[in-house]
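In what follows, every heavy atom counts, from backbone to side chain, and hydrogens, waters and symmetry copies are set aside.
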Amino acid sequence: MTRFSAAAEDVAKRLRDGMVGGVLSFPLTSFREDGGLDLEAYRAYLSAQLDSAPGAVFPACGTGEFFSLDEDEYRAVVGATVEIADGRLPVVAGIGYGWAQALRFARIAEEAGADAALVLPHYLVVAPQDGLVEQLRRIASGTSLPLIAYQRGQVAFTADSLRRIAEIPTVMGLKDGHSDLDRLQRLTLAAPDDFLFFNGASTAEIQARAYATVGVPAYSSAVHAFAPEIANAFFAALRDGDDAGVTNLLRDFYVPLVELRDRVPGYAVSLVKAAARLRGLPVGPVRAPHTDPGPEELGALAKVLDDGLKVVGAVRRSD
């Protein structure tokens with residue numbers, strides 16, 4: 001008998017199937033030049049993203065600048081995602097801050113029709129393990145949405161805590177952003193067999209081979225947000241054991257992208273959005289405190305993007 005709630009069991013199965021077939025998509029949120037939400041542009045952008053067959057879609061998460069959205073904007077983004085996805089793949093909405101605020105967003109996501117929620121690391125506070133577990137318990141007690149915990153920054157679960165959160169019937173998985181493979185291996189060994197894990201490191205492809213060695217082959221892809229051709233080619237090469245293909249994309253695209261990303265804090269989002277604009281995608285600027293890259297970085301980014309697209313036989317713009 002499954003330990004999951006019925007809702008979590010259904011979503012977990014859909015996610016498990018999706019992660020075998022494609023990357024996990026974390027779409028950008030479209031803003032106008034004045035900073036306002038551009039929902040129609042988001043709809044157009046997301047429709048193109050979903051045509052690239054990701055395994056699941058995670059709106060209003062880190063790449064989607066969740067922290068900058070008010071509740072009305074969040075409702076609009078999640079609702080539009082559910083509408084456009086139209087049941088083709090799971091929709092997992094980001095929720096976060098402290099547990100009380102996370103519950104407000106969870107209830108909005110639930111009303112909008114999301115299938116599950118990704119619990120982003122809470123704000124600022126460094127907490128003991130008992131507190132991390134209680135945080136998830138309180139969120140789970142107030143929503144029927146299945147939950148995926150996200151460990152990154154100040155959130156890092158021990159094996160014992162993982163066992164405890166896995167006992168919560170609606171907690172079905174963990175996204176890891178620490179890239180501590182020793183700790184991650186201990187977590188995978190402590191978890192029930194049906195518990196979901198995926199690699200959520202920044203530019204996750206860089207460490208995808210390493211994660212796979214500890215039993216975590218699934219990963220989120222920020223690159224999919226602007227170059228699904230590259231993201232899908234890398235996924236296929238990794239899945240098919242094409243080591244030369246993986247190495248070529250790492251050397252010629254992913255490593256140069258990461259080196260550029262690491263120049264400025266926040267560029268994990270800003271460069272992704274800038275690359276999307278270079279491709280003519282209607283995503284607009286980032287919101288503060290992120291900053292858009294300047295001319296020098298944009299020139300370097302354009303070269304990295306062109307080099308990556310060349311590897312997979314694609315071009316930057318089709319118009």
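A salt bridge links E40 with R43; the closest basic N to acidic carboxylate O contact falls under 4.0 Å. Salt-bridge formation is detected for the pair D292/R277: a Lys NZ or Arg NE/NH1/NH2 atom is positioned less than 4.0 Å from an Asp or Glu carboxylate oxygen. Between D306 and K310 there is no salt bridge, since no side-chain nitrogen of the basic residue lies less than 4.0 Å from a carboxylate oxygen of the acidic one. Classification of R279 and E229 as a salt-bridged pair holds, one side-chain N sitting under 4.0 Å from a carboxylate O. Ion pair D72/R75 flagged as a salt bridge, since at least one NZ, NE, NH1 or NH2 atom sits closer than 4.0 Å to an Asp/Glu carboxylate oxygen. Look at R88 and D86 and you find no salt bridge, because none of the NZ, NE, NH1 or NH2 atoms lies under 4.0 Å from a carboxylate O. Salt-bridge check for R164 with D130: passed, with a basic side-chain N closer than 4.0 Å to an acidic carboxylate O.
Counted by atom type alone, S179 and Y211 present one or more donor-acceptor pairs between their side chains at under 3.5 Å. No side-chain donor from either of R163 and T158 sits under 3.5 Å from a side-chain acceptor of the other. Using a 3.5 Å distance cut-off with no hydrogens or angles, the side chains of H224 and Q49 do pair a donor with an acceptor. With 3.5 Å as the limit, one finds no donor-acceptor pair spanning the side chains of R107 and T143. With 3.5 Å as the limit, one finds a donor-acceptor pair spanning the side chains of E71 and Q101.
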I would like to know whether Y97 and Y123 meet ring-ring contact (aromatic ring centres under 6.0 Å, His included); could you show each step before the answer? CA-CA 5 Å; Y97 306 112; Y123 173 70; 7.3 Å; no
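Between the CG atom in L46 and the CD1 atom in I84 there is a gap of 4.5 Å [rounded to 0.5 Å].
Counting heavy atoms from C-beta outward, V119 and Y150 have side chains that stay 4.5 Å or more apart. The closest side-chain heavy-atom distance from P293 to L271 is below 4.5 Å.
Scanning all heavy atoms of the two residues, the minimum distance from L15 to F58 falls at CD2-CZ, 4.5 Å.
With respect to E73, the side chain to side chain contact (heavy atoms under 4.5 Å, CB included) criterion is satisfied by exactly one of T29, L37, V78: L37.
The backbone N or O of S52 lies less than 3.5 Å from a partner atom in the side chain of N232, making a donor-acceptor pair. In this structure, Y74 contributes its side chain and G94 its backbone to a donor-acceptor pair below 3.5 Å.
By the 4.5 Å side-chain criterion applied to Ile, Leu, Val, Met, Phe, Trp and Tyr, V286 is assigned to a cluster that also includes V269.
Between F234 and Y219, the ring planes lie perpendicular to each other; the angle is over 60°, past the 30° to 60° tilted range.
K175 forms no cation-pi arrangement with F198, by the criterion of a distance under 6.0 Å to the ring centre and an angle within 45° of the ring axis.
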Output side-chain donor-acceptor pairs under 3.5 Å for residues 61-68, partner residues at least two apart or in another chain, one line each.
residue	atom	partner	partner atom	Å
E65	OE1	R287	N	2.9
E65	OE2	K273	NZ	2.8
S68	OG	E65	O	3.0

